[in-house]
Peer 1: 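Once you've had a glance at the structure underneath, I'll fire off some questions.
Atoms within each ligand, like the ligands themselves, are counted from 1 in listed order.
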Amino acid sequence: MTAPVTTTPETAGPETAVPETAVPETTGPATAGPATAGPETAVLTATPGPLRIEDYQDLAQRRLDDQVWDFVEGGAGTERTVDANRCAFARVTLRPRVLVDVSACDTGTELLGAPLATPVGVAPTAYHRLLHPDGEVATALGAGAAGALYVVSVFASRTLEEIAAEAAGPLWLQLYWLRRREVLAGLVERATAAGYRALVLTVDAPQLGRRHRDARNGFAVPAGISAVNLDPALMASAHRSDAGRSALAVHTAEAVDPSVTWADLAWLRARSELPVVLKGILTAEDAVLAVQHGADAIVVSNHGGRQLDGAPASLDALAEVVDAVGAAGCPVLFDGGVRSGADAFAALALGARAVLLGRPVLWGLAADGAAGVAGVLGLATEELAHTMALAGRPALPAVDRSAVVLAPGPAQGPPQGPVHGTAQRTAVGTGL
Ligand SMILES: Cc1cc2nc3c(=O)[nH]c(=O)nc-3n(C[C@H](O)[C@H](O)[C@H](O)COP(=O)(O)O)c2cc1C
Ligand SMILES: CCCCC(=O)C(=O)O
């Protein structure tokens, strides 16, 4: 279990006095020490708060135990799809226009009827109490402070009602198709009553991906943290640690129905008036089927490379899906590998209406609870506005395909050998 967090600044050098703690006021500027100091005065150089989203990753890694770190960072199989998500952003070139009035850049948008201050939102991720004692309530506070959409995971470790009570912005509920339909129906009812505004059905996980890090770690959800919105009887296997296998994989196999098909979507539709969003679409064929089956929105996603290893980078699938739904007017959201406002800009330019952050929000949460979540989302939004200004696109409708070139990717390379626990990933991408 992770202790409540105070942020330890980067060490500035052996002879430099570093304050004990410096809790970042979200992304506030560095407070510099005295500019000059006499020989008898200690030189105080406070290090800046996080300047890039990956700064939160560093802070999070220092706070999390190795197993939780591996659960967050890891992906399926060789993790080549995890890598592909990031590498795709390194193939983006931005095409700036000049002499455009960019004195005010507007990141505001609208999604399924809700106005949003930013098109950068929170992707559904499980068990936030692994990262911070307040769990999803802290995430909701952070998302609300940033004016961002928060998609709550069905595997949340706080109740849907607790989360809703603290949320200042719109909430959507992500669902897996549970074998026990009455549990699924109950969740839909509760979400509707608590004011959630859409149901997001994740369709890329009929089984959990083969996540070698979690299997090696015998990763299980620690006692005291659980998916409290599910029947406790459903949770036993998620807590049982066995060397060589992931308890989450066992639990998913028990809880999630792999036989669900397009035809079942009518059942969900009939249960609720809420819009239904399908998350995990990567092909034009499925995008067309989604529209035909009445999806109100689609999330282009490969689950952060945690499901089908070898699936395309999300960014490479985006234009195909946008083109396929084109005239239907079904909004397309995007996730996978977004680590900066420039990355968000690229996905928006390729046709996404909004982008969701998965791991970065968890880094912010681990680093500094609600303030860390607000910090990550605020930083991404600030960087997006900055990119819009320098690219000469002061509003989101102007962030269109003329603003980017995405060079074709190389065929994905051969596996790069075994994935080791707490492996370091190479940072690549547009990185502001
Ligand atoms: C620790 C972790 C837990 C996740 N849990 C869920 C989940 O419960 N439901 C879901 O649909 N996706 C889940 N995802 C996938 C995210 O919603 C999202 O697709 C992915 O993280 C986006 O990629 P990114 O992490 O590179 O931003 C999870 C991802 C991570 C890293
Ligand atoms: C049983 C937890 C599954 C959550 C999930 O979707 C993920 O870890 O990617």
Side-chain angles (χ1 to χ4, degrees), residues 53-54 57 60 64 67-76 79 81-89 120-128 130-131 136 139 150-157 172-178 199-211 213-214 219-221 225-227 229-230 234-235 237-239 246-256 277-282 299-308 311 313-315 333-340 343-344 347 355-366 376-377 380 425 429:
I53 283 176
E54 282 94 345
Q57 182 179 27
L64 297 175
Q67 293 204 355
V68 172
W69 175 251
D70 277 341
F71 168 61
V72 169
E73 294 298 292
E79 300 190 348
T81 296
V82 179
D83 290 343
N85 276 349
R86 292 294 302 130
C87 290
F89 284 102
V120 181
V122 179
T125 52
Y127 301 114
H128 286 193
L130 288 170
L131 290 307
E136 287 79 2
T139 312
Y150 173 20
V151 185
V152 175
S153 167
V154 69
F155 290 121
S157 50
W172 295 359
L173 176 64
Q174 176 264 328
L175 297 169
Y176 286 113
W177 199 278
L178 302 175
L199 304 173
V200 180
L201 182 66
T202 298
V203 291
D204 59 11
Q207 308 177 349
L208 208 66
R210 293 175 71 85
R211 303 174 185 173
R213 301 196 205 200
D214 293 343
F219 184 62
V221 182
I225 297 177
S226 85
N229 295 295
L230 301 183
L234 260 180
M235 284 305 296
S237 61
H239 295 296
S246 154
L248 293 183
V250 176
H251 178 238
T252 306
E254 251 177 47
V256 173
V277 180
L278 297 185
K279 171 173 179 281
I281 302 281
L282 289 170
V299 185
V300 170
S301 170
N302 56 30
H303 213 113
R306 296 160 74 83
Q307 286 301 113
L308 177 64
S314 291
L315 199 69
L333 287 76
F334 174 88
D335 76 27
V338 176
R339 300 293 179 268
S340 70
D343 292 347
V355 303
L356 303 178
L357 306 182
R359 295 177 184 88
V361 166
L362 300 179
W363 301 333
L365 183 61
V376 164
L377 294 165
R425 316 294 321 163

Peer 1: Which atoms from ligand 1 have a heavy atom of Ser301 less than 4.0 Å away?
Peer 2: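 Near Ser301, meaning under 4.0 Å from one of its heavy atoms, ligand 1 has 19 (O).
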Peer 1: Looking only at protein heavy atoms, which one is nearest to atom 19 (O) of ligand 1, and what is the separation?
Peer 2: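 Result: Asp335 OD2, 2.8 Å.
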Peer 1: Just verifying a value: how many Å separate Asp70 CG and Arg211 CZ, rounded to the nearest 0.5 Å?
Peer 2: 12.5 Å
Peer 1: Please check this pair: side chain of Gln174 against backbone of Pro124, looking for a donor-acceptor N/O pair closer than 3.5 Å.
Peer 2: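 Checked: no pair found.
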Peer 1: Can you list the ligand 1 atoms lying under 4.0 Å from a non-hydrogen atom of Phe71?
Peer 2: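 Near Phe71, meaning under 4.0 Å from one of its heavy atoms, ligand 1 has 1 (C).
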Peer 1: Excluding sequence neighbours, so at least two apart, what forms side chain to side chain donor-acceptor pair (under 3.5 Å) with Gln207?
Peer 2: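 In terms of side chain to side chain donor-acceptor pair (under 3.5 Å), with neighbours along the sequence ignored, Gln207 is linked to no residue.
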Peer 1: With Glu79 as reference, evaluate Arg213, Arg86, Arg210 under the salt bridge (Lys or Arg N to Asp or Glu O under 4.0 Å) test and give the passing residue.
Peer 2: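 For Glu79, the salt bridge (Lys or Arg N to Asp or Glu O under 4.0 Å) check succeeds only for Arg213.
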Peer 1: What distance do Thr125 atom OG1 and Arg306 atom CZ have between them, rounded to the nearest 0.5 Å?
Peer 2: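 Atom-to-atom, Thr125:OG1 and Arg306:CZ are 8.5 Å apart.
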Peer 1: Closest heavy-atom contact between Val338 and Ala344?
Peer 2: CG1-N, 4.0 Å
Peer 1: Please determine whether side chain to side chain contact (heavy atoms under 4.5 Å, CB included) holds for the pair Trp177 and Val203, giving the CA-CA distance in whole Å, both sets of side-chain angles, and the decisive distance to 0.1 Å.
Peer 2: CA-CA 8 Å; Trp177 199 278; Val203 291; over 6 Å; no
Peer 1: Sub-3.5 Å donor-acceptor pair from the side chain of His251 to the main-chain atoms of Ser237, do we have one?
Peer 2: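 No.
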Peer 1: Quick one: does Glu73 get a heavy atom under 4.0 Å from ligand 1?
Peer 2: no
Peer 1: Specify the protein heavy atom at minimum distance from atom 21 (O) of ligand 1: its residue, its atom name, and the distance to 0.1 Å.
Peer 2: Gly358 CA, 3.6 Å
Peer 1: Can you list the ligand 1 atoms lying under 4.0 Å from a non-hydrogen atom of Thr202?
Peer 2: 10 (C), 11 (O)
Peer 1: Distances only, to 0.1 Å: what are the N or O pairs between ligand 2 and the protein that fall under 3.5 Å?
Peer 2:
from     : atom 1 : to     : atom 2 : distance (Å)
ligand 2 : 6 (O)  : Tyr176 : OH     : 2.4
ligand 2 : 6 (O)  : His303 : NE2    : 2.8
ligand 2 : 8 (O)  : Arg211 : NH1    : 2.7
ligand 2 : 8 (O)  : Arg306 : NH2    : 2.9
ligand 2 : 9 (O)  : Arg211 : NH1    : 3.3
ligand 2 : 9 (O)  : Arg211 : NH2    : 2.9
ligand 2 : 9 (O)  : His303 : NE2    : 2.9
ligand 2 : 9 (O)  : Arg306 : NE     : 2.9

Peer 1: May I ask you to list the atoms of ligand 1 that are less than 4.0 angstrom from any heavy atom of Arg339?
Peer 2: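 That gives atoms 24 (P), 25 (O), 26 (O), 27 (O) of ligand 1.
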Peer 1: Tell me: protein heavy atom nearest atom 28 (C) of ligand 1, and distance?
Peer 2: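 Residue, atom and distance for the closest contact: Thr125 CG2, 3.6 Å.
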Peer 1: Tell me whether Gly337 has any N or O atom under 3.5 angstrom from an N or O of ligand 1.
Peer 2: yes
Peer 1: Is there a polar contact, in the sense of an N or O pair closer than 3.5 Å, between Ala126 and ligand 1?
Peer 2: yes
Peer 1: Could you walk me through whether Val299 and Val277 satisfy the side chain to side chain contact (heavy atoms under 4.5 Å, CB included) test, starting with their C-alpha distance in whole Å, then the side-chain angles of each, then the deciding distance to 0.1 Å, before giving a yes or no?
Peer 2: CA-CA 7 Å; Val299 185; Val277 180; 3.8 Å; yes
Peer 1: Of Leu131, Leu130, Val68, which meets side chain to side chain contact (heavy atoms under 4.5 Å, CB included) against Leu362?
Peer 2: Leu131
Peer 1: Verify side chain to side chain contact (heavy atoms under 4.5 Å, CB included) between Glu73 and Gln57, making sure each step is shown before the conclusion.
Peer 2: CA-CA 10 Å; Glu73 294 298 292; Gln57 182 179 27; 2.9 Å; yes
Peer 1: If you take the nearest heavy atom of each of Gly304, Gly74, Gly305, Pro124, which one is closest to atom 13 (C) of ligand 1?
Peer 2: Pro124
Peer 1: Any idea which protein heavy atom is nearest atom 1 (C) of ligand 1, and the distance to it?
Peer 2: Arg306 NH2, 3.4 Å
Peer 1: Any nitrogen or oxygen of Asn85, side chain or backbone, less than 3.5 Å from one on ligand 1?
Peer 2: no
Peer 1: Give, for atom CZ of Phe155 and atom CG of Asn229, the distance between the pair rounded to the nearest 0.5 Å.
Peer 2: 11.0 Å
Peer 1: Ligand 1 and Val72, any nitrogen or oxygen pair closer than 3.5 angstrom?
Peer 2: no
Peer 1: For atom 15 (C) of ligand 1, which candidate among His128, Arg86, His303, Arg359 holds the nearest heavy atom?
Peer 2: His303
Peer 1: So, regarding Ser153 and ligand 1 (criterion: nitrogen or oxygen to nitrogen or oxygen, under 3.5 Å), is there a contact or not?
Peer 2: yes
Peer 1: Please confirm whether Val338 approaches ligand 1 to less than 4.0 Å, judged on its heavy atoms.
Peer 2: no
Peer 1: Relative to ligand 1, is Leu362 under 4.0 angstrom through side chain, backbone, both or neither, heavy atoms considered?
Peer 2: side chain
Peer 1: Could you check whether any side-chain N or O of Gln307 sits under 3.5 Å from a backbone N or O of Asn302, counting only pairs where one atom can act as donor and the other as acceptor?
Peer 2: no
Peer 1: Atom CG of Leu357 and atom CG of Asp335: how far apart are they, to the nearest 0.5 Å?
Peer 2: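 The CG atom of Asp335 is 9.0 Å from CG of Leu357, to the nearest 0.5 Å.
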Peer 1: Would Gln174 count as being in polar contact with ligand 1, using the rule that some N or O on each side must be under 3.5 angstrom apart?
Peer 2: yes
Peer 1: Measure the CD-CZ distance between Gln67 and Phe219 for me, rounded to the nearest 0.5 Å.
Peer 2: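 So the gap between those two atoms works out to 6.5 Å.
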Peer 1: Out of curiosity, Tyr150 OH to Thr139 OG1, how far, rounded to the nearest 0.5 Å?
Peer 2: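 That separation rounds to 4.5 Å.
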Peer 1: Counting non-hydrogen protein atoms only, what is the nearest one to atom 12 (N) of ligand 1? Give residue, atom name and distance.
Peer 2: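 Looking only at protein heavy atoms, the one closest to atom 12 (N) of ligand 1 is Lys279 NZ, 3.0 Å.
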Peer 1: Tell me the contacting part of Tyr127 for ligand 1: side chain, backbone, both, or neither, using a 4.0 Å heavy-atom threshold, strictly below.
Peer 2: neither
